[in-house]
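Since this is a predicted model, take the numbers as computed values, not measurements.
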Amino acid sequence: MKVCIITVYNSINSGSYWQANALRLKLEQLGHEVYYLKRNKINNSASKIALIKRVIKHFLKYGLKQAKHQISIYKEFRNAQCNFKEITKKSKIYDEIDCFILGSDTIWNVEDNYFKNKYRLYFGGILGDKKRISYAASVGNTKYESLVEYKDIPDFLNNISNISVRDDETRSCVKKLINK
């Protein structure tokens, strides 16, 4: 089966990378051909600023040795990202995808501007009639009251054949939105 993962896999957060990579490896072990829907990184200068802030925070809290360690972790996971086979909606293979996996990570956090601007994608609303499942998706800091402002989210959730969430807050929000 050809599977396309829609998640954050190339950000400053190495945890996002490791989650995406672990899912890919497991799916490949199960015999699937795995792709990632290419995402636009938040502009490169914002990414560098986030890294600098993280390094400074580690320096102030733990000292120079830990700050250097943080930089080496970032470089290691950034170099490892070449394992990802990225596709776009215009890629020939896109039409051959059998299933989209939404997640993991805080992809349903509409309090974050990145996800707010792309919520139709991360809730699976613009994927046509292709099968979609969620895997450990999370609303992050978003509260139910914010989600109900998006009138199409319940329809998007109802079109997900299997829903798996990462935390109790997300479970509660999904249950209130679509009673699943």
Side-chain angles (χ1 to χ4, degrees), residues 1-51 73-140 142 147 150-166 170 174:
M1 183 183 300
K2 292 181 180 162
V3 177
C4 182
I5 300 171
I6 299 176
T7 193
V8 176
Y9 59 91
N10 58 352
S11 75
I12 186 73
N13 180 346
S14 60
S16 295
Y17 161 79
W18 291 116
Q19 290 179 95
N21 193 47
L23 178 57
R24 174 186 65 86
L25 290 172
K26 187 60 181 178
L27 289 167
E28 287 176 347
Q29 281 179 350
L30 294 170
H32 301 292
E33 199 173 320
V34 182
Y35 301 90
Y36 291 86
L37 189 63
K38 185 174 180 154
R39 75 185 265 289
N40 296 329
K41 293 182 191 179
I42 299 171
N43 77 45
N44 203 23
S45 61
S47 182
K48 287 178 184 175
I49 290 169
L51 175 61
I73 288 171
Y74 173 74
K75 286 179 180 177
E76 179 183 333
F77 92 85
R78 191 182 75 200
N79 291 337
Q81 289 177 3
C82 62
N83 296 328
F84 297 132
K85 291 189 274 183
E86 297 175 318
I87 62 171
T88 66
K89 287 183 169 188
K90 294 179 181 177
S91 302
K92 183 179 179 183
I93 197 78
Y94 182 86
D95 293 332
E96 298 175 22
I97 296 298
D98 299 301
C99 179
F100 289 95
I101 297 178
L102 309 169
S104 63
D105 219 325
T106 58
I107 61 168
W108 294 345
N109 181 4
V110 295
E111 296 294 324
D112 179 290
N113 281 333
Y114 178 79
F115 296 112
K116 179 180 182 175
N117 293 333
K118 298 179 181 299
Y119 82 95
R120 287 180 178 88
L121 171 64
Y122 286 105
F123 278 91
I126 58 172
L127 301 175
D129 60 353
K130 299 282 187 167
K131 181 177 181 175
R132 62 205 79 166
I133 65 172
S134 77
Y135 169 72
S138 176
V139 297
T142 301
L147 289 168
Y150 299 84
K151 303 297 184 204
D152 47 3
I153 286 179
D155 290 335
F156 298 158
L157 289 171
N158 275 315
N159 286 323
I160 299 173
S161 59
N162 300 85
I163 297 176
S164 154
V165 298
R166 173 167 102 173
T170 305
V174 169

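Panel note: side chain T7, backbone Y9; no donor-acceptor pair is recorded below 3.5 Å. With Y36 contributing its side chain and A20 its backbone, the two residues share a donor-acceptor pair below 3.5 Å.
Note that the CD1 atom of I87 and the CD1 atom of I97 stand 4.0 Å from one another [nearest 0.5 Å]. H32 NE2 to R24 CZ: the interatomic distance, rounded to the nearest 0.5 Å, is 14.0 Å. Atom OG1 of T142 sits about 11.5 Å away from atom CH2 of W108, to the nearest 0.5 Å. Atom CD of E111 and atom OG1 of T106 lie 11.5 Å apart (nearest 0.5 Å). Note that the CD atom of E33 and the CG atom of L27 stand 12.0 Å from one another [nearest 0.5 Å]. Here CD1 of I5 is found 10.5 Å from NZ of K85. Values are rounded to the nearest 0.5 Å.
Here the rule is side-chain contact (heavy atoms from CB on, under 4.5 Å) with F123, and of I6, V110, L102 only V110 fits it.
Closest non-hydrogen pair, K89 versus I126, comes out as NZ-CD1, 3.2 Å. The two residues S138 and G140 come nearest to each other via the heavy atoms OG-N, 3.0 Å. In plain terms, the two heavy atoms of I107 and S104 that are nearest each other are CG2-O, 3.9 Å. Between T170 and V139, the closest heavy-atom pair is OG1-N, 2.9 Å.
Scored by the ring-ring contact (aromatic ring centres under 6.0 Å, His included) test, F156 finds no partners at all (sequence neighbours excluded). By the ring-ring contact (aromatic ring centres under 6.0 Å, His included) test, F115 pairs with Y122, sequence neighbours left out. By the salt bridge (Lys or Arg N to Asp or Glu O under 4.0 Å) test, D152 pairs with R120, sequence neighbours left out. With sequence neighbours excluded, the residues that form a salt bridge (Lys or Arg N to Asp or Glu O under 4.0 Å) with K2 are E96. Partners of K130 according to the side chain to side chain contact (heavy atoms under 4.5 Å, CB included) rule, which considers only residues two or more places apart in sequence or in another chain, are F100.
Cation-pi contact between R39 and Y114: present, with separation from the ring centre below 6.0 Å and deviation from the ring axis of at most 45°.
K131 is not listed as a side-chain neighbour of M1, based on a closest heavy-atom distance of 4.5 Å or more. At least one side-chain heavy atom of I133 sits less than 4.5 Å from a side-chain heavy atom of C99.
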Donor-acceptor contacts under 3.5 Å from residues 157-164 side chains, at least two apart:
| unit_1 | atom_1 | unit_2 | atom_2 | d |
| --- | --- | --- | --- | --- |
| N158 | ND2 | P154 | O | 3.2 |
| N159 | ND2 | D155 | O | 3.2 |
| S161 | OG | R132 | O | 3.2 |
| S164 | OG | A136 | N | 3.2 |

